[in-house]
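For reference, the structure discussed in these notes is given below.
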Amino acid sequence: MKKKPFCFLIPFILTLFITACSDEPLKDSRAIAKYLESGNYDYELDPEGDYKVVVKLEDNSRRDVWIRTELNYSGDAAVREIFSLGASLTPEESEYLGSYLLQDNFHTRVLGSWAYTKDPEREQVLAIYLIKLPLSVNPSIVAEALHEAAFAALVMDSVLNLED
């Protein structure tokens, strides 16, 4: 009986190909879209080309979370940003909240942290919950990141609305 030496390699190579394709949901725009569609997320591309994703939380509320298409680098390692808007603040409000957000980052945040960025159109400071993930991250971590960003923004919004 003559054995074919490479027949056992075909299933192995096929498995590696499928695993490689499914374990890199953030590697490029096509992979991001495929990941979002497979997870039944509603999304659209914003004017900057970023993915604006609607994340549904346990209480049936919905929050927008963005997946940036532009990459950042730490040395040779590429990372993709996922973020959600928590609040639009005056410069004075951002100074007041800054120390509380740093404490929140240290004590309760797991995947990401609070960050500030300026609103280019107004004299406002945007408090965003920012997560940076490697391109090859497991798809379940992407889902956790989307959820954590949405939930953090929801909590920020509810806390600021309590003070009004």
Side-chain angles (χ1 to χ4, degrees), residues 24-29 31-164:
E24 295 186 349
L26 299 177
K27 71 179 179 181
D28 57 29
S29 289
I32 294 169
K34 184 177 177 182
Y35 172 79
L36 294 172
E37 289 165 5
S38 70
N40 294 317
Y41 290 101
D42 292 331
Y43 72 91
E44 62 184 48
L45 288 176
D46 73 7
E48 295 177 357
D50 297 330
Y51 288 83
K52 181 180 173 185
V53 184
V54 178
V55 177
K56 184 178 176 184
L57 296 168
E58 285 77 21
D59 66 352
N60 289 324
S61 63
R62 297 173 186 271
R63 295 299 293 203
D64 292 335
V65 178
W66 282 263
I67 300 175
R68 297 281 321 259
T69 54
E70 186 177 318
L71 296 174
N72 286 322
Y73 290 88
S74 177
D76 291 336
V79 294
R80 185 149 334 262
E81 294 179 342
I82 295 175
F83 70 92
S84 189
L85 176 63
S88 180
L89 308 165
T90 66
E92 295 79 23
E93 290 170 329
S94 68
E95 286 181 32
Y96 174 76
L97 281 177
S99 63
Y100 294 107
L101 294 180
L102 286 174
Q103 288 176 14
D104 186 53
N105 287 343
F106 182 72
H107 293 290
T108 62
R109 299 295 150 207
V110 178
L111 290 175
S113 60
W114 287 105
Y116 285 153
T117 187
K118 289 212 176 223
D119 183 336
E121 298 175 7
R122 301 183 311 219
E123 290 289 320
Q124 295 286 307
V125 176
L126 303 177
I128 61 170
Y129 189 73
L130 177 65
I131 298 168
K132 295 184 179 195
L133 295 176
L135 302 183
S136 61
V137 71
N138 183 296
S140 65
I141 300 299
V142 177
E144 287 296 322
L146 290 168
H147 182 270
E148 184 168 322
F151 185 72
L154 177 71
V155 169
M156 169 72 81
D157 189 42
S158 66
V159 167
L160 291 178
N161 284 329
L162 286 177
E163 293 179 358
D164 289 342

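In this text, all values refer to a predicted model and were calculated from it rather than measured experimentally.
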*Before giving the answer on side-chain hydrogen bond (donor to acceptor under 3.5 Å, both in side chains), spell out for Glu37 and Tyr43 the whole-Å C-alpha distance, their side-chain angles and the decisive distance to 0.1 Å.*
CA-CA 9 Å; Glu37 289 165 5; Tyr43 72 91; 2.7 Å; yes
*Are Arg80 and Thr69 close enough, and set up right, to give a side-chain hydrogen bond (donor to acceptor under 3.5 Å, both in side chains), and what steps lead you there?*
CA-CA 7 Å; Arg80 185 149 334 262; Thr69 54; 5.6 Å; no
_Step-by-step side-chain contact (heavy atoms from CB on, under 4.5 Å) determination, Asp64 to Leu85_ = CA-CA 8 Å; Asp64 292 335; Leu85 176 63; over 6 Å; no
*Under the side-chain contact (heavy atoms from CB on, under 4.5 Å) rule, what do Lys56 and His147 come out as? Steps first, then yes or no, please.*
CA-CA 8 Å; Lys56 184 178 176 184; His147 182 270; over 6 Å; no
*Begin with the C-alpha distance, continue with both residues' side-chain angles, and end with the deciding distance and a verdict on side-chain contact (heavy atoms from CB on, under 4.5 Å) for Val65 and Ile82.*
CA-CA 7 Å; Val65 178; Ile82 295 175; 3.5 Å; yes
*Please report the C-alpha distance between Leu154 and Asp59 in whole Å, then the side-chain angles of each, then the deciding distance to 0.1 Å, and finally whether the side-chain contact (heavy atoms from CB on, under 4.5 Å) criterion is met.*
CA-CA 11 Å; Leu154 177 71; Asp59 66 352; 4.1 Å; yes
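One N or O on the side chain of Tyr35 and one on the backbone of Pro139 form a donor-acceptor pair closer than 3.5 Å. A donor-acceptor contact shorter than 3.5 Å links the side chain of Glu148 to the backbone of Leu111.
Taking CD from Glu95 and OG1 from Thr90, the interatomic distance works out to 8.5 Å, rounded to the nearest 0.5 Å. Rounding to the nearest 0.5 angstrom, the gap separating the CD atom in Glu81 from the NZ atom in Lys132 is 4.5 Å. In this structure, CG on Leu135 lies 9.0 Å from CG on Asp28, to the nearest 0.5 angstrom. Once rounded to the nearest 0.5 Å, the distance linking CD1 of Ile67 with CG of Asp46 reads 11.5 Å. In this structure, the separation between CD1 on Ile141 and CG on Leu133 is 8.0 Å, given to the nearest 0.5 Å. In this structure, CG on Asp119 lies 11.0 Å from CG on Leu89, to the nearest 0.5 angstrom.
Salt-bridge formation is detected for the pair Arg63/Asp157: a Lys NZ or Arg NE/NH1/NH2 atom is positioned less than 4.0 Å from an Asp or Glu carboxylate oxygen. The pair Asp50-Arg68 counts as a salt bridge, with a side-chain nitrogen and a carboxylate oxygen less than 4.0 angstrom apart.
Of all heavy-atom pairs between Ala87 and Met156, the closest is CB-CG, 4.0 Å. Contact detail for Val125 and Pro91: the closest heavy-atom pair is CG2-CA, 4.2 Å. The nearest pair of heavy atoms linking Ser158 to Val155 is OG-O, 2.8 Å. Closest heavy-atom contact between Ala149 and Ser84: O-CB, 3.4 Å.
Defined by atom type and a distance below 3.5 Å, a donor-acceptor pair is missing between the side-chain atoms of Glu24 and Ser136.
Looking only at side-chain heavy atoms (C-beta outward), Ser88 and Arg122 come within less than 4.5 Å of each other. Side-chain contact check for Val53 versus Asp42: every heavy-atom pair is 4.5 Å or farther apart. Within the 4.5 Å cutoff, side-chain heavy atoms of Leu97 are placed close to those of Tyr116.
The aromatic rings of Trp114 and Tyr129 sit perpendicular to each other, their planes meeting at more than 60°, with 30° as the lower class boundary.
In the displayed structure, Tyr51 atom OH is contacted under 6.0 Å by more than 12 heavy atoms of other residues, nucleotides or ligands.
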